[in-house]
Structures are given as structure tokens and as C-alpha cells.
S.K.: 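What follows is a structure written as C-alpha cells; I'll ask about it next.
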Number of protein chains: 2
Amino acid sequence: MARTRFSPQRSLILEYVKQSTDHPTAEEIYQALKDCFPGLSRGTVYRNLNLLSDDGIIFKLPLPVERFDGFTNPHPHLICSGCGSVHDLKIDYDSGLDQLASESCGYQIQRHESFFFGLCPGCAADQQ
Amino acid sequence: MARTRFSPQRSLILEYVKQSTDHPTAEEIYQALKDCFPGLSRGTVYRNLNLLSDDGIIFKLPLPVERFDGFTNPHPHLICSGCGSVHDLKIDYDSGLDQLASESCGYQIQRHESFFFGLCPGCAADQQ
DNA sequence: TATTAAATAGGAATGATTCTTATTTTAACA
DNA sequence: TGTTAAAATAAGAATCATTCCTATTTAATA
């Protein structure tokens, strides 16, 4: 699965996603890297993010604006309804759920993805 | 919360979403209704879908392409990785999950949304 | 009936993402 | 080591979903 060639651009993008914890968008990654890698193009960022997630090396969250996660082991995400920020949620999530779902619907379940929506402390304070 | 005025267009759009079971996109709703309501515009479809989901009368799924659900009570969704179709999943889902998540992260959790990804029987057959 | 807020049609604008093309890089191997 | 061919790139055009704008229409109510 893994690519045979790893260009400097691809390595940089992968490294950035792996070390980030805020589930950046493609645009955010492009903005963060374009100065330390002059000439880097948006197309390259998008293409490599897709290749890397196709290969299972990073994870693409199925949200209206795509966000990327360096952790590929399944875990739920927490989305602030106020500011849209995304965080990992550290609760133990029933790993038998896919099996249960599979039995209920007859699909071959590959994975599941859960999003909890709520107000982060900052946005909750703003609403007072 | 509910709108005071209900135009024929809005009623039609609501009725369509309520009676459909395939979680249509805005475009699909527009295509389905434009012939029986000549002059209907995409703008009207999008605007009303947003108003209706703001009011909690329908539900907007947080997916890269937005899809709408006439059932507003929480339930997980099943997405085919092959054809992209969306179905409701009828498993009993722990209603204490929001509470658990809330305690773990300090957010005020409003709701959660779970997506199971897998191959529907048709797409699974195609892969043989 | 006149007023006015809400809603509409139609299309322009926006924003995210993908695609195209000409060029450059690099791995493999003669 | 030089050649070749596949893979990757930059730049920007194209696409697609969605929102916004404007002039017009509708409908509740005073």
C-alpha cells in the first residue's frame, strides 16, 4: 500500500499531520507549510492528504470541511458547535459495536466514526 | 422557534424530506420537486432546508455533502463506502453516552452522531 | 385596501476540492 | 555514470456544493 517514493513535500505534510493535535484542514496545513517550503502548492497538499489517507497512514474525518488526524486508531471526536474546533475524545468506546451493527443490518462494517457536539468551555462562557 | 409562515415551497420541501427514507441531498430534493413545482429554485430549497433544520424539524447530517433526515430523534447512520448510500441503523444506542462524554471532557454535550461505514450487499457483491 | 415583513426566483459569488498541463524529480537499470 | 520512464510537482483552471444578492411577489394584519 505504502508509496514507493516519498517526496520532501509528502514527508513534510505527513510529519505536520502526525505532530498536530488540532485536526487541521487542508488549507491550514498549506498555510502552515508554505513559508518553510516556498513554492508548495495547494494541489500538492490536497493530493498527498488523499494519498496518505487512502494508504491508511493518516485519517480523513467525514465532515463538511475535511479535517485530518495523525492518529489512525479509532476514537470518537468532539466538535464545538460554537467555534468548530475538533478534539479527540478519550472515552473507552465499545469495540463490539461494529459487530453489533453488522449483525443488525447485513453490511460488512469496516469502521465507525462518532462525533459528539457541544460547547467547549470558551464558547460556553461566551454564551453567558 | 417554528416559522410563522409556511409557503407552499416550504411545505413541499418539508413533506418530501419527511416521507423520504434515503437521506436526500439538497440537489436531489430540488430535482425531485422542480417538475411538480415549476419555478422552484435551488436557493429556496437550500434556504428552507437550513431553516427547517435550525428549527429542529428536520436533521442535517454532518457529512461532506449534506444530507437530510426527516427523523429527528437520534439514531446512528450506515454509509456504504462503495455507493455512498445512507441508511438508518436500528440498533439501541447507549443514551448515557453523552453524559459519559460530558464528564470526560468538560464540554456541555448537546448530541452525538455516529456513522458506520461498510459495504452494502450490492457493493459487496460487485467486489467479488 | 395599504403596509410591511417574509419569502421567492434567478443568478452571481464564494469556497473547498479536483483536475489539467507542462515541467521537474528520482528510482531503476543499461 | 548516463538514460529512461514513472511519479511528483507548481500553477492555475475547472468543478461542485452552497450561500448571497437583488428585484419581485406573497400574505398577514392594521
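We name chains A, B, ... by the order of the sequence lines, and we start the count at 1 in each one.
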S.K.: Rounded to whole Å, how long is the line connecting atom CD of B:E28 with atom P of D:dT18?
M.R.: 11 Å

S.K.: Would you tell me if any nitrogen or oxygen in the side chain of B:S7 comes within less than 4.0 Å of OP1 or OP2 on C:dT8?
M.R.: yes

S.K.: I'd like to check B:K18 versus B:F71 (side-chain heavy atoms, cut-off strictly below 4.5 Å). Are they in contact?
M.R.: no

S.K.: On DNA chain D, compare the nucleotides closest to B:T25 and A:P38; which residue's is nearer the 5' end?
M.R.: A:P38

S.K.: Taking only N and O in the side chain of B:R42, is any of them less than 4.0 Å away from OP1 or OP2 of C:dA9?
M.R.: no

S.K.: Answer yes or no: is there a side-chain heavy-atom contact under 4.5 Å between A:I13 and A:V45?
M.R.: yes

S.K.: How many whole angstroms separate atom CZ of B:F68 from atom P of D:dA17?
M.R.: 13 Å

S.K.: Could you tell me how far apart B:L63 (CG) and D:dC16 (P) are, to the nearest whole angstrom?
M.R.: 20 Å

S.K.: Given D:dT18, C:dT8, D:dA11, identify the nucleotide with an atom nearest to the side chain of A:S41.
M.R.: D:dA11

S.K.: So, does B:N48 get its side chain near the phosphate of C:dT8, meaning an N or O under 4.0 Å from OP1 or OP2?
M.R.: yes

S.K.: Would you call the rings of B:H23 and B:H75 parallel, tilted or perpendicular, taking 30° and 60° as the class edges?
M.R.: tilted

S.K.: Taking atom P of D:dC16 as reference, at what distance in whole Å does atom CD of B:E66 sit?
M.R.: 18 Å

S.K.: In whole angstrom, give the distance that lies between atom CZ of B:F6 and atom P of D:dA28.
M.R.: 13 Å

S.K.: Please determine, for the side chain of B:L40, which listed nucleotide (D:dA8, D:dT18, C:dA9) has the closest atom?
M.R.: C:dA9

S.K.: Just to verify, which of B:H112, B:Q108, B:R111 counts as forming a side chain to side chain donor-acceptor pair (under 3.5 Å) with B:D98?
M.R.: B:H112

S.K.: Rounding to an integer number of Å, can you tell me how far B:R47 CZ sits from D:dT22 P?
M.R.: 16 Å

S.K.: Just one of A:T44, A:L14, A:I29 clears the side chain to side chain contact (heavy atoms under 4.5 Å, CB included) bar with A:L49, so which one?
M.R.: A:I29

S.K.: Is the phosphate of D:dA10, meaning OP1 or OP2, less than 4.0 Å from a side-chain N or O of A:Q9?
M.R.: yes

S.K.: Just the rounded figure in Å: distance from C1' of D:dT19 to OH of B:Y30.
M.R.: 16 Å

S.K.: Compare the minimum distances between each of D:dT19, C:dT8, D:dT9 and the side chain of B:T44, then state the nucleotide with the smallest one.
M.R.: C:dT8

S.K.: Assign each of B:P8 and B:A26 to its nearest nucleotide of DNA chain D by heavy atoms, then name whichever residue's nucleotide is nearer the 5' end.
M.R.: B:A26

S.K.: Between B:Y46 and D:dT19, is there a side-chain N or O to OP1/OP2 distance below 4.0 Å?
M.R.: no

S.K.: Calculate the interatomic distance between B:E27 atom CD and D:dT15 atom P; express it in whole Å.
M.R.: 16 Å

S.K.: Hey, does the side chain of B:R10 come within less than 4.0 Å of C:dA7's phosphate (OP1/OP2), counting only N and O?
M.R.: yes

